[in-house]
Amino acid sequence: MQQKQQKIVLATGNQGKVKEMADVLAQFGFEVVAQSEFGIESPEETGLTFVENALLKARHAAKISGLPAIADDSGLSVTALGGAPGLYSSRYSGEDGNDAKNRAKLLREMAKQTDRSAKFVSVIVLLRHEHDPTPIIAEGECHGEILSEERGENGFGYDALFFYPPKNASFAEMEQAEKKQVSHRANALQVLRRKLEGVK
């Protein structure tokens, strides 16, 4: 894989994700390009698991671009809520919701709960082509607790409510570089790197 760099399309328009993925994939001969550069819109996420949604997004991008594709799906899983918001993390408060409304709903749901344990989950899928029968699947988790009030100004999503005990801070209180080293996506990227090393 170390010859000329091959383009790989990332099924997101998020430039932060593009950079994160590019840092890992460059060493394996891939040049990461966002799907927005091909005019590709994200498909409807109809999967029932993080893996299914990541596969759906990667396959869609590979089909339209004709290139290898990579996608991730992630979310927050709260023990006391049976794994919710889970797959619906980004639309927990409804289709017209936003990060603030999602956090407000989570605080309401957790008001009387004693078990505050939770984890962020990230699944990354790499397809060599649309019909790749053996996709590379990498999963990462980050365990913590749900706070009873928001803390911190950094981050996005549920970061201000997710307390990470090893750093004694919420994700929103941590510097971005610090969070990137311990996050669910960082852990999934480490797994992806090891799997790619195995197929070089």
With clusters defined by side-chain heavy atoms of hydrophobic residues (ILVMFWY) lying less than 4.5 Å apart, directly or transitively, does I64 cluster with L56? no

Side chain to side chain, Y88 and S90, heavy atoms closer than 4.5 Å: no

Just how far is it from atom CG of L161 to atom OG of S170, taken to the nearest 0.5 Å? 8.5 Å

For the student: nearest non-hydrogen atoms of A22 and V32, plus distance: CA-CG2, 3.6 Å

The test is side-chain contact (heavy atoms from CB on, under 4.5 Å); show your working for E197 and F28 and say whether it passes. CA-CA 8 Å; E197 284 169 348; F28 299 102; 3.6 Å; yes

Tell me, with the steps shown, if V51 and D73 meet side-chain contact (heavy atoms from CB on, under 4.5 Å). CA-CA 7 Å; V51 172; D73 198 46; over 6 Å; no

Is there a side-chain contact (heavy atoms from CB on, under 4.5 Å) between H129 and L67? Walk through the geometry before answering. CA-CA 6 Å; H129 53 82; L67 294 169; over 6 Å; no

Begin from the C-alpha positions of K63 and H131 and carry the test side-chain contact (heavy atoms from CB on, under 4.5 Å) through to its verdict. CA-CA 9 Å; K63 179 180 182 179; H131 300 294; over 6 Å; no

Decide whether L189 and V123 are clustered together by the hydrophobic rule: side chain heavy atoms of Ile, Leu, Val, Met, Phe, Trp, Tyr closer than 4.5 Å, transitively. no

Between E130 and R59, does a salt bridge (Lys or Arg N to Asp or Glu O under 4.0 Å) hold up when you go through it step by step? CA-CA 5 Å; E130 180 195 352; R59 193 163 282 126; over 6 Å; no

Once you round to the nearest 0.5 Å, how far does CZ of F171 lie from CD of E178? 10.0 Å

Only one of I137, N187, I136 forms a side chain to side chain contact (heavy atoms under 4.5 Å, CB included) with L192, so which one is it? I136

Can you confirm whether M110 sits close enough to L81 that some side-chain heavy atom of one is under 4.5 Å from a side-chain heavy atom of the other? yes

Check this for me, if you would: do E20 and K180 make a salt bridge, where the nitrogen-to-carboxylate-oxygen distance has to be below 4.0 angstrom? no

Nearest 0.5 Å please: distance from the CD atom of E153 over to the CG atom of D159. 12.0 Å

Can you give me the closest heavy-atom contact between P43 and H60, atom names plus distance? CD-CD2, 3.6 Å

Hey, could you give me the CZ/SG distance between F120 and C142, rounded to the nearest 0.5 Å? 8.0 Å

Give a yes or no on whether Y164 and L76 share a hydrophobic cluster (residues Ile, Leu, Val, Met, Phe, Trp, Tyr; joining criterion: side-chain heavy atoms under 4.5 Å apart). yes

Quick test of your reading of the model: are E141 and K119 salt-bridged, counting only N-O distances below 4.0 Å? yes

Are the side chain of T79 and the backbone of S117 linked by a donor-acceptor contact shorter than 3.5 Å? yes

Return the minimal non-hydrogen interatomic distance between V78 and P85, and the atom names on each side. CG2-CD, 4.1 Å

As an exercise, state the distance from CG of L87 to OH of Y92, rounded to the nearest 0.5 Å. 13.0 Å

State, yes or no, whether a side-chain contact exists between L25 and I70 at a heavy-atom distance under 4.5 Å. yes

Determine whether L106 and I146 make a side-chain contact, defined as any pair of heavy atoms from C-beta on separated by less than 4.5 Å. yes

Taking S183 for the side chain and A186 for the main chain, is one N or O donor matched with an acceptor at less than 3.5 Å? yes

Note, N102 side chain near S89 side chain (heavy atom, < 4.5 Å): no

Using only atom types and a distance under 3.5 Å, with no angle test, would you say the side chain of R103 pairs donor to acceptor with the backbone of Y158? no

Heavy-atom distance under 4.5 Å between the side chains of E37 and V9, does that happen here? no

With the threshold set at 4.0 Å, does a side-chain nitrogen-carboxylate oxygen contact exist between K57 and D72? no

Using atom types as modelled and distance alone, determine if a side-chain donor or acceptor of R116 lies under 3.5 Å from a backbone N or O of A80. no

Can you name the nearest heavy-atom pair linking A34 to V18, along with the distance? CB-CG2, 3.7 Å

May I ask you to decide if P165's main-chain N or O and N168's side chain share a donor-acceptor pair within less than 3.5 Å? no

Shortest non-hydrogen contact from M174 toward A169: CG-CB, 4.0 Å

Flag side-chain contact, heavy atom, 4.5 Å: N53 against L55: no

Nearest-0.5 Å distance, OG1 of residue T134 to CG of residue L127: 9.5 Å

Cluster link V125 to V24, ILVMFWY, side chain under 4.5 Å: no

Any heavy-atom pair between the side chains of Q27 and R193 that's under 4.5 Å? yes

Which atom names give the shortest non-hydrogen contact between A58 and A11, and what distance separates them? N-CB, 4.4 Å

Heavy-atom donor-acceptor pair, D99 side chain to G157 backbone, under 3.5 Å: yes

